[in-house]
Amino acid sequence: MADVGAMACLLLTPCRHSTILLQGEHIMGCLKRLLLTTALAVCACLAFAPPAAAASRTDTFVIVREMGPNSLDIMGVGTNRPAYGLSWNVYDRLVTYGKKLGPGGQPMYDYKRIEPELAERWEMSEDGKVITLYLRKDAVFHDGTPVTAHDVKWSLDRSVSVGGFPTFQMSTGSMTKPEQFTVVDDYTIRVTLPRRDKLALPNLGTPVPAIINSKVAKAHATEKDPWAMEWLKNHEAGSGAYVVGEYKPGVEVVYRRFDKWKSGKLPTVRTVVERTVPSAATRRAMLEKGDVDMSFDLSPKDAADLAKGGKIKVQGMPIENCMWFVDMNVTKPPFDNLKVRQAVSYAVPYEAIFDAATYQQAVKLFGAQSATPASAEWPQPYAFRTDLEKAKQLLVEAGFPDGFQTTLSYNLGTATWGEPAALLLQENLKKIGITAVIEKVPGANWRTEMGKKSMPLLVDNMGGWLNYADYFFYWNYHGSLQAVC
């Protein structure tokens, strides 16, 4: 099931090796789905202030979170995960997902249940190679113009043409060329596939193929920037449930309900203010004082403490394949050496991270009894466990009896989990002779730095929208992957 003795798991580039740590309990950052049903995108825990605290804000919902969106364009280079949630609220897609109940009875998205959004219905050809989607005729963009198949065509063309992450995501559903998207009439679009692909229709429901107002976007395109990447980074042209009223990267996003939205049940809350507050202590204090209605990205410690108090409602939502991992770049010495990667995998303090970084609010994905999986179920635990003596021996066999020095990076935007995990890993690596100098990367820059594929060793998390083993392995082992995250 992958790299012998050094299993790979959720990573964002093909040239890396990762060791799984755990599967977290999270909820996803999509305000529309949060307020109505369920959601998609970012890992976190939620805490709600007591009802009395928000009594004076009947039309406004105030949220604080550790890291905010760094772009308004889901297809932009370096767009971070909070921006996925923004896109989910501001833009529509052709289809969306239904919901199901999680292990604790919480509603969560069901990637196997496809439901209408801009497309009110669709037909699949008998051979599975042609999907014909019929658009609803009452949908309009935020500027009031109708959403047509021409906008859909331009948006899908863009998704498979801009390169990097969005183009690779679309390829997981066998959508790779603009010629595959055909306008049948103003309200009918046809998608032609080279083969039957079970991931094609679900792919159209992910945040990536957002439907953009093509007339507005084209007005800001240039010869050097035919897809208006620069303009759409800081301006939106959507038809979703919310309009971006204000956007201050790293500070605040104000969402205003779009009352003409027809692609679902209109959200209850008219205005949502999402503020970026990196300090977990400050977020907790704001919540307890009633200055905000909700804290998103609640730290595991705060979640545990506040849940005991009983005054504040704490809720987590399991995301089936959102995982934390240790990632090693196999194109850079010494991590191009298999035994070095195995040594690090055995040096990871799994249980300590589970206890100290997550406060046991996670599912273990390490310590399996066998390295051979019994089924194709995904995700499932890997066989690694902490064994420092074995790690030392592997370093000797790799030709590094005295160890070596490297850099260990983590994302400041997810420092609540990432920092304690990195510090605990640094401590254990020192015990086997590896000196790891910690590098803290600002959250707004993390995806760009990942795209450079230059960091030798890092701690990060990733979650796939479609929870299939073949989807995961396609992302991680596809030889031609050139994704820039």
Side-chain angles (χ1 to χ4, degrees), residues 28-35 39-42 60-61 63 65 67-94 96 117-118 139-148 150-159 162 165-166 205-222 225-264 266-267 269-276 444 447:
M28 302 193 186
C30 305
L31 304 174
K32 176 173 66 176
R33 300 301 184 225
L34 172 63
L35 297 173
L40 267 193
V42 182
T60 302
F61 197 73
I63 300 172
R65 64 184 303 164
M67 177 174 64
N70 66 351
S71 174
L72 301 184
D73 184 7
I74 185 69
M75 301 182 202
V77 175
T79 297
N80 63 8
R81 288 184 202 153
Y84 299 176
L86 181 148
S87 178
W88 188 258
N89 292 288
V90 175
Y91 287 91
D92 282 328
R93 280 137 296 277
L94 288 168
T96 188
E117 192 154 282
L118 278 177
V140 295
F141 287 109
H142 295 156
D143 66 357
T145 60
V147 180
T148 72
H150 303 281
D151 298 296
V152 174
K153 160 74 173 165
W154 189 86
S155 303
L156 296 179
D157 286 356
R158 185 180 194 257
S159 69
V162 295
F165 151 67
T206 70
V208 169
I211 306 307
I212 300 167
N213 187 328
S214 61
K215 296 181 183 64
V216 171
K218 288 177 182 178
H220 295 89
T222 65
D225 184 14
W227 299 111
M229 302 289 283
E230 285 301 316
W231 188 81
L232 285 169
K233 182 177 182 179
N234 296 297
H235 303 83
E236 58 102 340
S239 61
Y242 284 93
V243 176
V244 175
E246 294 179 45
Y247 172 56
K248 300 176 183 177
V251 179
E252 181 179 89
V253 182
V254 177
Y255 301 84
R256 305 197 190 283
R257 190 177 71 187
F258 182 47
D259 289 339
K260 294 182 180 180
W261 188 57
K262 302 295 184 181
S263 296
L266 201 64
V269 179
R270 290 183 176 276
T271 303
V272 179
V273 180
E274 179 184 283
R275 293 174 182 154
T276 302
R447 304 304 290 275

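All values derive from a computational prediction rather than experimental measurement. We number each residue from 1, following the sequence as shown.
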Residues forming a side chain to side chain contact (heavy atoms under 4.5 Å, CB included) with [X], sequence neighbours excluded:
X: Asp225; value: Thr222, Met229, Glu230
X: Ala444; value: Asn70
X: His235; value: Trp231
X: Val140; value: Phe258, Lys260

Roughly how far, to the nearest 0.5 Å, is the [atom2] atom of [Y] from the [atom1] atom of [X]?
X: Asn234; Y: Asp73; atom1: CG; atom2: CG; answer: 10.0 Å
X: Tyr91; Y: Met75; atom1: OH; atom2: CE; answer: 8.5 Å
X: Ile211; Y: Leu156; atom1: CD1; atom2: CG; answer: 5.0 Å
X: Thr60; Y: Tyr255; atom1: OG1; atom2: OH; answer: 14.5 Å
X: Glu236; Y: Phe141; atom1: CD; atom2: CZ; answer: 10.5 Å
X: Tyr247; Y: Glu274; atom1: OH; atom2: CD; answer: 10.5 Å

For [Y], does its backbone N or O pair with a side-chain atom of [X] as donor and acceptor, under 3.5 Å?
X: Arg93; Y: Trp88; result: yes
X: His142; Y: Gly238; result: yes
X: Arg270; Y: Arg256; result: no
X: Ser155; Y: Ile212; result: yes

Under the rule for side chain to side chain donor-acceptor pair (under 3.5 Å), what residues qualify as partners of [X], not counting sequence neighbours?
X: Asp143; answer: Thr145, Asn213
X: Thr271; answer: none
X: Glu252; answer: Arg275
X: Ser214; answer: Asp151

Minimum heavy-atom distance [X]-[Y], with the two atoms named:
X: Ser71; Y: Ala83; answer: O-CB, 3.4 Å
X: Ser239; Y: Trp261; answer: O-CD1, 3.1 Å
X: Pro267; Y: Tyr242; answer: CB-OH, 3.2 Å
X: Phe165; Y: Ile74; answer: CE2-O, 4.0 Å
X: Ser87; Y: Ala210; answer: OG-CB, 4.0 Å

Mind checking salt bridge (charged side-chain N to carboxylate O under 4.0 Å, His left out) for Lys153 and listing every partner two or more places apart, or none if nothing turns up?
-> Asp157
Are any of the side-chain heavy atoms of [X] and [Y] separated by less than 4.5 Å?
X: Asn80; Y: Met67; value: yes
X: Leu94; Y: Val152; value: yes
X: Val90; Y: Leu72; value: no
X: Val208; Y: Tyr84; value: no

Ser263: which of Asp92, Val147, Thr96 passes side chain to side chain contact (heavy atoms under 4.5 Å, CB included) = Asp92
Verify side chain to side chain contact (heavy atoms under 4.5 Å, CB included) between Val273 and Val253, making sure each step is shown before the conclusion.
-> CA-CA 6 Å; Val273 180; Val253 182; over 6 Å; no
